Amino acid sequence: MRRDVYTQEHEDFRAMIRAFIEAEVVPVYDKWFEDGIAPRDFYYKLGELGLFGIEIPTEYGGSGIDSYKFQAIITEECSRAAVSFGGSSVHIGLCLPYLKELATEEQKQRWFPGMMSGETMFAIAMTEPGTGSDLAGMRTTAKPSGDGTHYVLNGSKTFITGGVHADRVIVCARTAAPREDDRRFGITLLVVDTTSAGYTVGRKLDKLGLRTSDTAELNFTDVTVPAEDVLGEVNMGFSYLGRNLPRERLAIAVGSYAQAAAAVRFAAQYTKDRTVFGKPVAAFQNTKFELAACKADVDAMEAVVDRAMNAHDADELTPADAAAAKLFCTDLASKVIDRCLQLHGGYGYINEYPIARLYADNRVSRIYGGTSEVMKMIIAKDMGL
């Protein structure tokens, strides 16, 4: 079926991204994979290409395009080639919406230029050891100084994507104790300069998948954060997190769909080329049926993500809608990718084959951005259950 979620402008952008990936990423990706991180200077290339400025308003030098669809195309093309842009997806995909909505004029003037060029890479730090999806249970604190000029940050965060290369991190911290009737009260967002004294990057975590994405532990010991670097209102951080989570979950749904589509493409090509018992693996009825079923599943995921993207751009994507899209696409994609790996036989388990990397990369989709179990709770609550 013809896909109508994208215009010709989108498809021209896709062609440019595909060419860039083939020229700048594919030839060096094995080295990134071996190192477990994308090089920092690669982000300057993304800035030069204009990818970081697409959604930044024109008055700050960006393109001013208020749409998620260009980011979706980047995700689709990276999955198609079984590569990634490292931890940079968080820089614009997650952090920029917070800055656009909450930053003051002075903060935007200060941060947007470096954000567009790649000179100032952003990450966001929510999760802590022992808290996981229960963000209200965070223990990192930011105590205000007596004269109100700064906050003193103490605590730690984990699973922070982009944490190694980040120059600024949006840190969620407790600035006040929770209220008896509202344990979410008292959380504030602070944009922390990673060169600050007392700020340290702990381990770069050794993950099963997403190997080129720098995921790290962060530690804060009496870090001074100027009051002018508070993002939004003090003690209201949890409500901001809730407003931006639908986009994060949409992005995960799109990523899962794109990985599944790529897996079917890789499996179809492999089974055509691979010969057993004197004929291509693709000639066997089981192969045809498996790939046909996987293709139908990918079509269903595509319909869901396209509808969700349209809803997002129309500002109509609800938390329950996003949760349903994430739940459906991540669960179904895992099954599709597993079946496509099976069609590769033993070679599907070897990292030099893209299907193996897709398999490992996809697994976290049912965990981060809220686990599948949390998605079910959100959907059930929306149903009045």
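No hydrogens, no waters, no symmetry mates; every other heavy atom, side chains included, goes into these values. Small disclaimer: the values here were computed from a predicted structure and weren't measured.
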Arg40, CZ atom: more than 12 neighbouring heavy atoms under 6.0 Å: yes

May I have the list of side-chain donor-acceptor pairs in residues 202-215 shorter than 3.5 Å, sequence neighbours left out?
from: Arg203; atom 1: NE; to: Glu217; atom 2: OE1; distance (Å): 3.3
from: Arg203; atom 1: NH2; to: Glu217; atom 2: OE2; distance (Å): 2.9
from: Lys204; atom 1: NZ; to: Gly36; atom 2: O; distance (Å): 3.0
from: Asp206; atom 1: OD1; to: Arg211; atom 2: NH1; distance (Å): 2.7
from: Asp206; atom 1: OD1; to: Arg211; atom 2: NH2; distance (Å): 3.4
from: Lys207; atom 1: NZ; to: Leu210; atom 2: O; distance (Å): 2.9
from: Lys207; atom 1: NZ; to: Ser213; atom 2: O; distance (Å): 2.7
from: Lys207; atom 1: NZ; to: Thr215; atom 2: OG1; distance (Å): 3.3
from: Arg211; atom 1: NH1; to: Lys207; atom 2: O; distance (Å): 2.5
from: Thr212; atom 1: OG1; to: Tyr29; atom 2: OH; distance (Å): 3.3
from: Thr212; atom 1: OG1; to: Ser84; atom 2: OG; distance (Å): 2.7
from: Asp214; atom 1: OD2; to: Val164; atom 2: N; distance (Å): 3.1
from: Asp214; atom 1: OD2; to: His165; atom 2: N; distance (Å): 2.9

Within 6.0 angstrom of Gln109 CD, more than 12 heavy atoms from elsewhere: yes

Spacing of Arg174 atom CZ and Asn154 atom CG [to the nearest 0.5 Å]: 15.5 Å

Distance-only side-chain donor-acceptor flag, Glu290 / Asn286, under 3.5 Å: no

Ser63 (side chain) donor-acceptor with Ile65 (main chain) under 3.5 angstrom: no

Modelled atom types, side-chain donor and acceptor of Asp313 and Ser67, under 3.5 Å: yes

Backbone N/O of Ile37 and side chain of Asp35: donor-acceptor pair under 3.5 Å: no

Atom OH of Tyr359 with >12 non-hydrogen neighbours under 6.0 angstrom: no

Any donor-acceptor pair under 3.5 Å from Ser145 side chain to His150 backbone: yes

Lys157 side-chain N/O to Cys172 backbone N/O, donor-acceptor pair under 3.5 Å: yes

Shared-cluster residues of Val276, by chain and number - hydrophobic side chains joined below 4.5 Å: Phe277, Val281, Phe284

Between Asp167 and Thr120, a side-chain donor and acceptor under 3.5 Å: no

Over 12 foreign heavy atoms within 6.0 Å of CD, Glu105: yes

Closest contact, heavy atoms only, Ala262 versus Arg80: CB-CA, 4.0 Å

Side-chain touch Val152/Asp222, heavy atoms, less than 4.5 angstrom: yes

Glu101 CD: over 12 foreign heavy atoms closer than 6.0 Å: yes

Nearest heavy-atom neighbours spanning Gly163 and Val201: O-CG2, 3.8 Å

Check ion pair Glu55-Arg247 (N to O, under 4.0 angstrom): yes

Atom pair CE (Met309) and NE2 (His312), whose distance is rounded to the nearest 0.5 Å: 11.0 Å

Over 12 non-hydrogen atoms of neighbours within 6.0 angstrom of CZ in Phe42: yes

side-chain hydrogen bond (donor to acceptor under 3.5 Å, both in side chains) partners of Asp273, counting only residues at least two apart: Gln269

Glu76 and Arg3 ion-paired at < 4.0 Å: yes

Considering all heavy atoms, the nearest Thr287-Ala282 contact: CG2-CA, 3.7 Å

Verdict with reasoning, Ser334 to Asn362, per side-chain hydrogen bond (donor to acceptor under 3.5 Å, both in side chains): CA-CA 7 Å; Ser334 69; Asn362 174 260; 5.0 Å; no

Ion pair Asp30/Arg357, N-O distance below 4.0 Å: yes

Check: Ile21 and Cys78 side chains under 4.5 Å, non-hydrogen atoms: yes

Heavy-atom side-chain contact between Met375 and Thr330 under 4.5 Å: no

His91 and Phe122 aromatic ring geometry - parallel, tilted or perpendicular at 30°/60° bounds: tilted

Which residues share a side chain to side chain contact (heavy atoms under 4.5 Å, CB included) with Gln107, sequence neighbours left out: Ala103, Thr104, Arg110, Trp111, Leu231

Check: Tyr151 and Val234 side chains under 4.5 Å, non-hydrogen atoms: yes

Output field: ring centroids Phe13/Phe70 closer than 6.0 Å: yes

N/O donor-acceptor pair under 3.5 Å between Arg168 side chain and Val191 backbone: yes

Distance in Å, Tyr68 OH paired with Leu250 CG, rounded so as to fall on 0.5 Å steps: 5.0 Å

Val264 vs Val336 side-chain heavy atoms within contact, under 4.5 Å: yes

Side-chain heavy atoms of Lys335 within contact of Asp297, under 4.5 Å: no

Atom of Ile379, atom of Ala324 and distance for their closest heavy-atom approach: CD1-CA, 3.6 Å

Pairs where residues 168-215 contributes a residue and the test ring-ring contact (aromatic ring centres under 6.0 Å, His included) is met, not counting sequence neighbours: Tyr199-Phe220

Shortest non-hydrogen contact from Pro57 toward Phe112: CD-CE1, 4.1 Å

Main-chain N/O of His344 paired to Arg274 side chain as donor or acceptor, under 3.5 Å: no

More than 12 heavy atoms of other groups within 6.0 Å of Tyr349 OH: no

salt_bridge(Glu11, Arg14) N-O dist < 4.0 Å: yes

Partners meeting side chain to side chain contact (heavy atoms under 4.5 Å, CB included) with Met116 (sequence neighbours left out): Ile56

Min side-chain heavy-atom separation Tyr240-Glu233 under 4.5 Å: yes

Glu24 side, atom CD; Leu46 side, atom CG - distance, nearest 0.5 Å: 9.5 Å

For Val169 against Leu218, the heavy-atom pair lying closest together: CG1-CD1, 4.1 Å

Evaluation steps, salt bridge (Lys or Arg N to Asp or Glu O under 4.0 Å), between Lys295 and Asp299: CA-CA 6 Å; Lys295 173 61 167 60; Asp299 286 348; 3.0 Å; yes

Separation between CE of Met138 and CZ of Arg184, rounded to the nearest 0.5 Å: 11.5 Å

Derivation and outcome, side chain to side chain contact (heavy atoms under 4.5 Å, CB included), residues Val305 and Cys329: CA-CA 8 Å; Val305 298; Cys329 290; 3.7 Å; yes

Crowding at CG, Asp12 (>12 non-hydrogen neighbours, <6.0 Å): yes

Pairwise distance CD(Glu128) to CD1(Ile160) - rounded to 0.5 angstrom: 9.0 Å

Within-4.5 Å side-chain heavy-atom neighbours: Val90 and Cys95: yes

